[in-house]
> 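For reference, the structure I am asking about is given below.
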Amino acid sequence: MKAKVIAIANQKGGVGKTTTSVNLSAELTRQGYKTLLIDSDGQCNSTDTCQAIIENQPTLYDLLFGKEDALECIQKTSITDMIASDPLLNDSEHRFPNDAGRLFLLKNNAEKLREHYDYIIIDTPPNLGCMLGNILTYADFVIIPVTCDRYGMMGINELYNTIHSTQQYTNPKLKVLGVLFIKFRNNTILCREFSEKLPNVLNDFNTQLFDSKIRESESCRKAQSNCMSCFEYDSKSTTAADYSQLVQEIINKAKGEQ
Ligand SMILES: Nc1ncnc2c1ncn2[C@@H]1O[C@H](COP(=O)(O)OP(=O)(O)OP(=O)(O)O)[C@@H](O)[C@H]1O
Ligand SMILES: [Mg+2]
């Protein structure tokens with residue numbers, strides 16, 4: 001087994017990184033793929049949704065700073081295998097070494113996880129700090145969730161700058177798998193305009209929009225409040241259908257890219 005590592009990234013807050021990370025991991029697991037979810041955001045939202053433990057349990061913090069072996073940090077949850085985040089990561093930027101190795105901590109300490117999984121999905125924090133640099137250095141692919149509103153696409157240039165410098169300096173093989181619409185509403189002019197214009201904008205970045213779109217739904221929010229994946233909460237919901245379709249698209253795209 002040699003896992004494909006997929007980071008779900010956008011430094012903008014509240015665009016669906018956590019929701020996408022959890023539901024992708026849930027669906028890949030349901031389909032029989034050995035899947036590991038890594039929560040790298042000190043807010044610990046994926047950790048909370050999966051009801052993973054932080055107290056007296058090695059977390060990503062311990063893995064990152066070499067305090068614990070990567071395999072010892074894995075926990076089984078009802079949704080997926082996962083490595084929990086830790087509030088200590090909120091204040092960890094100064095802990096990264098002050099040398100060229102600062103972007104390689106995760107890669108060096110987590111590489112062996114690839115031998116045990118088909119897919120490793122990483123939920124990322126809403127900033128462009130050293131944690132994200134470590135994740136992009138380790139990952140094979142990035143998925144960028146965006147929302148259809150005036151601010152949904154803002155900052156995408158900065159994200160691409162970060163991705164391009166990662167490709168240049170620390171991970172030449174990194175690829176953007178696609179941009180994903182979240183909270184999509186087919187019946188609004190704004191969403192229609194965005195989906196018509198975005199492919200051209202993305203051409204400049206050599207990236208495609210996923211055909212799958214995640215529609216806005218109350219059931220999606222409720223699943224999160226109840227600490228469940230959308231499949232556990234309501235397997236007939238539009239959210240479950242949308243994330244299932246996305247998983248097929250990801251599997252096909254990732255296969256073609258490697
Ligand atoms: N398809 C959807 N329909 C309705 N609500 C959604 C949908 N996707 C996400 N949400 C809601 O939007 C909010 C933000 O989602 P989420 O926490 O996944 O974003 P995030 O990018 O991880 O945020 P942060 O940057 O703070 O980590 C949550 O309340 C979530 O329930
Ligand atoms: Mg989040």
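When a ligand or atom number is given, it counts from 1 through the structure's own listing order.
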> Is it true that the side chains of Thr19 and Tyr243 contain a donor and an acceptor less than 3.5 Å apart?
no
> Taking only heavy atoms of Asp41 into account, list the atoms of ligand 1 that are under 4.0 Å away from them.
27 (O)
> Let me confirm one number: the CD1-CD distance from Ile144 to Gln11, rounded to the nearest 0.5 Å.
9.0 Å
> Considering distance alone, does some N or O of Glu216 sit under 3.5 Å from an N or O of ligand 1?
no
> Need the ligand 1 atom indices (1-based, order shown) with element for anything under 4.0 Å from a heavy-atom of Gly13.
25 (O)
> Which residue holds the protein heavy atom closest to atom 3 (N) of ligand 1, what is that atom called, and what is the gap in Å?
Ser217 N, 2.9 Å
> Within a distance under 4.0 Å of any heavy atom of Gly16, pick out the atoms of ligand 1 and give their elements.
15 (O), 16 (P), 18 (O), 19 (O), 20 (P), 21 (O)
> Which protein N, O or S atoms lie under 2.8 Å from the Mg ion (ligand 2), given by chain and residue number?
Thr18 OG1
> Considering distance alone, does some N or O of Thr20 sit under 3.5 Å from an N or O of ligand 1?
no
> Geometry only, no angles: is Gly14 polar-contacting ligand 1 at N/O separations under 3.5 Å?
yes
> Indicate whether the side chain of Ser25 and that of Thr80 have a donor and an acceptor atom separated by less than 3.5 Å.
no
> So, is Asn45 polar-close to ligand 1, with some N/O to N/O distance under 3.5 Å?
no
> Under the side-chain hydrogen bond (donor to acceptor under 3.5 Å, both in side chains) definition, can you give me all pairs with a residue in residues 52-62, not counting sequence neighbours?
Thr59-Asp62, Thr59-Asp86, Tyr61-Arg95
> Starting from atom 25 (O) of ligand 1, what is the nearest protein heavy atom, named by residue and atom, and what distance separates them?
Lys17 NZ, 2.8 Å
> Relative to the heavy atoms of Pro126, which atoms of ligand 1 are at a distance of less than 4.0 Å?
25 (O)
> For atom 12 (O) of ligand 1, what's the nearest protein heavy-atom neighbour? Residue, atom name and distance, please.
Lys183 NZ, 3.0 Å
> Which one of Arg114, Lys173, Lys255 satisfies the salt bridge (charged side-chain N to carboxylate O under 4.0 Å, His left out) criterion with Asp140?
Arg114
> Among protein heavy atoms, which sits nearest to atom 28 (C) of ligand 1, and what does the distance come to when rounded to 0.1 Å?
Gln224 OE1, 3.2 Å
> Decide whether Asn23 and Ser229 meet the rule of one side-chain donor and one side-chain acceptor closer than 3.5 Å.
no
> Report, in ascending order of atom number, the atoms of ligand 1 lying under 4.0 Å from any heavy atom of Val15.
19 (O), 20 (P), 21 (O)
> Counting both backbone and side chain atoms, is some N or O of Ile182 under 3.5 Å from an N or O of ligand 1?
no
> So is Arg215 close enough to ligand 1, meaning a heavy atom under 4.0 angstrom away?
yes
> Is it the case that atom CZ in Arg102 sees more than 12 heavy atoms from other parts of the structure closer than 6.0 Å?
yes
> With a 3.5 Å cut-off and no angle check, do the side chains of Tyr160 and Asp204 form a donor-acceptor pair?
no
> Which heavy atom in Gly66 sits nearest to a heavy atom in Asn109, and how many Å separate them?
N-ND2, 3.9 Å
> With a cut-off of 4.0 Å, which atoms of ligand 1 are near a heavy atom of Ile214?
1 (N)
> How close does the nearest protein non-hydrogen atom get to atom 27 (O) of ligand 1, and which residue and atom is it?
Gln43 NE2, 3.3 Å
> Strictly by side-chain hydrogen bond (donor to acceptor under 3.5 Å, both in side chains), give each pair with a member in residues 30-45 just once, sequence neighbours left out.
Glu27-Arg30, Glu27-Gln31, Gln31-Gln248, Asp39-Thr47, Asp41-Gln43
> If you take all heavy atoms of Ile214 and Leu246, which pair is closest and at what distance?
CD1-CD2, 4.4 Å
> Below 3.5 Å, N or O to N or O, backbone or side chain included: is there any such pair between Thr19 and ligand 1?
yes
> Under a 4.0 Å N-O cut-off, is there an ion pair linking Lys17 with Asp123?
no
> Say you draw a straight line from CG of Asn134 to CG of Leu105; how long is it, rounded to the nearest 0.5 Å?
5.0 Å
> Is it the case that ligand 1 has an N or O less than 3.5 angstrom from some N or O of Cys220?
no
> Please confirm whether Arg221 comes within less than 3.5 Å of ligand 1 when only nitrogen or oxygen atoms on both sides are compared.
yes
> Closest heavy-atom contact between Ile8 and Thr124?
O-OG1, 2.8 Å
> Could you tell me whether Glu216 and Arg221 have a side-chain N and a carboxylate O separated by less than 4.0 Å?
yes
> Hydrophobic clusters join Ile, Leu, Val, Met, Phe, Trp and Tyr when side-chain heavy atoms are under 4.5 Å apart, directly or via other members; which others share one with Met228?
Tyr233
